[in-house]
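Just so you know, these numbers use all the heavy atoms, side chains as well, and skip hydrogens, waters and symmetry mates.
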Amino acid sequence: MSITFCSARTIVRVSCAAALTIGLAGAGAPAFAEVAGHAGGPAVTVQPVEGASDAGFVMTPKQGGVAASTVVTLRGDEVADIAEVKFGGVSGTILPGAPDGELRVQAPTAAKVNPKLPYQAQSVAVTLITTQGVELSVGEFTYEVSSGIDRQLNYALTYWSTYNDTKYFSFNPPNGGGDCMNFVSQTLAARGIPTDDQWHNRFGPGDSIDNWTSWTTPAWISVTNFERYMRAMQAELGTEEFDLWDVDRSKLGLGDVVVFEWVKDAAATAVQPANVPDDLWQILAEDGDHSMIISDIVHNADGTISIKLAGHNNDRDFLDLDYVLENVSIADGNFWHFPPA
């Protein structure tokens, strides 16, 4: 019996007299099979090779977290001819040191692939560019919301401007002096940081600003009280505190919290809304600080690292940290780095 099959890259003819199983490059690989023989001859089974692509390369894994820079491995006889790997049109980073027959590529985060849907679950086409400039398709890579950091960034970039106030209330005026810490706490809860009697927001039907002490805590809504709580829980949570002005940015991670201490006295410039109780106003308005989370980390060509921030009040999704440091009067500040989750 003679069998001929072809893919996007090869044509192979096999002759045999026994049952034969052939693996093609991908379940949807374009292939043509010609069987020459007589009736009642040996059975032939054609089945896809797990993870293989139309271009003859095997790509693993085919999925990763929306906030992760997943390392993807491509295997095939001609990986040495690959000059570039694109995920949804955005180039990944080819990593050195791969063994012969393999190519390792760091996939860009979902936010870089699709800035209009940052940290959202989605699938994108993966394209190889050869040294001869030929484009080859190797299927799709799927971004998934799976890890704690994925959930935190997914939540933050969903609600940075569309407040989830039916679940967590909003402390922006006229309900308070600002919602920045309330929002940061929400993202940490989405990450999986456990709530307790000192740090929670249990807002529900019938609750209002009048009975705020029954459903939330100062550590959840006040930057100063949050930092006191963080220092008390540092060993349990495994967090690290870094100085705002003297931090090694390579040690920071997505979802970390940044705290700014403004030079101005917030209590002297703010006006207490009539419906805000005195005890709550003292916590919010006299707390002259601001908090945000790291929404992106950019490694620049010159070796520097840019930090982007998301937060409430003056709602932002990717505010550049250096812009803040250069243009806003700040007395002090620090970062709270959380272990990967």
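- Across all non-hydrogen atoms, the minimal contact from Val66 to Gln120 is CG1-O, 3.6 Å.
- A donor-acceptor pair shorter than 3.5 Å can be found between the side chains of Thr224 and Asp289.
- Annotation: side chain of Pro118 is in contact with side chain of Phe318 (closest heavy-atom distance under 4.5 Å).
- Here CH2 of Trp220 is found 9.5 Å from CZ of Arg202. Values are rounded to the nearest 0.5 Å.
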Exercise. Should Trp262 and Ile330 be marked as a side chain to side chain contact (heavy atoms under 4.5 Å, CB included) after you check the CA-CA gap, both sets of side-chain angles, and the distance that decides it?
Worked result: CA-CA 5 Å; Trp262 307 132; Ile330 296 172; 3.6 Å; yes

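- One distance of note links CZ of Arg151 with OG1 of Thr158; it measures 13.5 Å at 0.5 Å rounding.
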Problem set entry | Candidate pair Val328 and Phe260, rule side chain to side chain contact (heavy atoms under 4.5 Å, CB included), full reasoning | CA-CA 10 Å; Val328 181; Phe260 301 106; over 6 Å; no

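- Applying the salt bridge (Lys or Arg N to Asp or Glu O under 4.0 Å) criterion to Lys112, with sequence neighbours excluded, gives Asp296.
- Under the 3.5 Å distance criterion, the side-chain polar atoms of Thr60 are left unmatched by any main-chain donor or acceptor of Leu74.
- Atom OG1 of residue Thr187 and atom CD1 of residue Ile293 lie 4.0 Å apart, to the nearest 0.5 angstrom.
- Side-chain contact check for Phe338 versus Leu188: some heavy-atom pair is nearer than 4.5 Å.
- Nearest approach of Val124 to Tyr143, heavy atoms of both residues: CG2-CE1, 3.8 Å.
- Here the closest heavy-atom approach between residue Thr70 and residue Gln63 is recorded as CG2-O, 4.1 Å.
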Problem set entry | Intermediate values then yes/no, side chain to side chain contact (heavy atoms under 4.5 Å, CB included), Val223 and Cys180 | CA-CA 8 Å; Val223 177; Cys180 66; 4.1 Å; yes

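- Using a 4.5 Å cut-off on side-chain heavy atoms (C-beta onward), His337 and Val247 make no contact.
- In this structure, the side chain of Asp243 engages the main chain of Asp246 through a donor-acceptor pair within 3.5 Å.
- Between the side chains of Gln186 and Asn164, no donor-acceptor pair of N or O atoms lies under 3.5 Å.
- Between the CG atom in Leu309 and the OH atom in Tyr323 there is a gap of 13.0 Å [rounded to 0.5 Å].
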Exercise. Please walk me through it: do Asp150 and Asn154 pass side chain to side chain contact (heavy atoms under 4.5 Å, CB included)?
Worked result: CA-CA 6 Å; Asp150 291 339; Asn154 176 267; 5.9 Å; no

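- A distance-only check finds no donor-acceptor pair linking the side chain of Asn175 to the backbone of Pro173 [under 3.5 Å].
- Among all heavy-atom pairs drawn from Ser295 and Leu157, the shortest one is CB-CD2, 4.3 Å.
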Considering only distance and modelled atom types, tabulate donor-acceptor pairs under 3.5 Å from the side chains of residues 87-105, sequence neighbours left out.
residue : atom : partner : partner atom : Å
Ser91   : OG   : Glu84   : OE2          : 2.3
Glu102  : OE2  : Arg75   : NE           : 3.0

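- Across all non-hydrogen atoms, the minimal contact from Pro108 to Val113 is CG-CG2, 3.6 Å.
- Between Glu135 and Lys86, none of the side-chain N atoms (NZ, or NE/NH1/NH2) sits under 4.0 Å from a carboxylate O, so this pair counts as no salt bridge.
- Hydrophobic clustering (side-chain heavy atoms under 4.5 Å, transitive across Ile, Leu, Val, Met, Phe, Trp, Tyr) keeps Leu325 apart from Val298.
- Linking ILVMFWY side-chain heavy atoms closer than 4.5 Å, directly or via other members, places Leu254 and Ile305 in a single hydrophobic cluster.
- Counting heavy atoms from C-beta on, the side chains of Leu136 and Ile82 never come closer than 4.5 Å.
- Remark: the Glu227 side chain and the Trp336 side chain contain an N/O donor-acceptor pair separated by less than 3.5 Å.
- Taking the six-membered ring where tryptophan is involved, the planes of Trp199 and Tyr229 are essentially parallel, since the angle between them stays under 30° and well short of 60°.
- Counting heavy-atom neighbours within 6.0 Å of Asp77 CG, excluding the residue itself, gives a total of 12 or less.
- Two residues are said to be in side-chain contact when any heavy atoms from C-beta on lie closer than 4.5 Å; Leu128 and Thr130 fail this criterion.
- Here Leu319 contributes atom CG and Trp160 contributes atom CH2; the two are 10.5 Å apart, rounded to the nearest 0.5 Å.
- With hydrogens and angles ignored, the 3.5 Å screen pairs a side-chain donor or acceptor of His312 with a backbone N or O of Tyr159.
- Met292 has its side chain out of reach of Val257: every pair of non-hydrogen atoms, C-beta onward, lies at least 4.5 Å apart.
- Ile307 and Leu244 end up in the same hydrophobic cluster when Ile, Leu, Val, Met, Phe, Trp and Tyr side chains are linked at under 4.5 Å.
- Thr142 and Ser123 are linked by a side-chain donor-acceptor pair at a separation below 3.5 angstrom, with hydrogens and angles left out of the test.
- A side-chain donor-acceptor contact under 3.5 Å links Asn201 to the backbone of Phe203.
- Of all the heavy atoms in Thr217 and Gln198, the pair that sits closest is OG1-O, 2.9 Å.
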Show me the donor-acceptor pairs, under 3.5 Å and distance only, between side chains in residues 165-172 and residues at least two apart or in other chains.
residue : atom : partner : partner atom : Å
Ser170  : OG   : Asn172  : N            : 3.4
Asn172  : OD1  : Asp179  : N            : 3.0
Asn172  : ND2  : Tyr163  : OH           : 2.9

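- A donor-acceptor pair shorter than 3.5 Å can be found between the side chains of Asn300 and Ser306.
- Under the 4.5 Å side-chain contact rule for hydrophobic residues, Ile209 and Phe183 share a cluster.
- We find the NZ-CD1 distance between Lys308 and Ile297 to be 12.0 Å, quoted to the nearest 0.5 Å.
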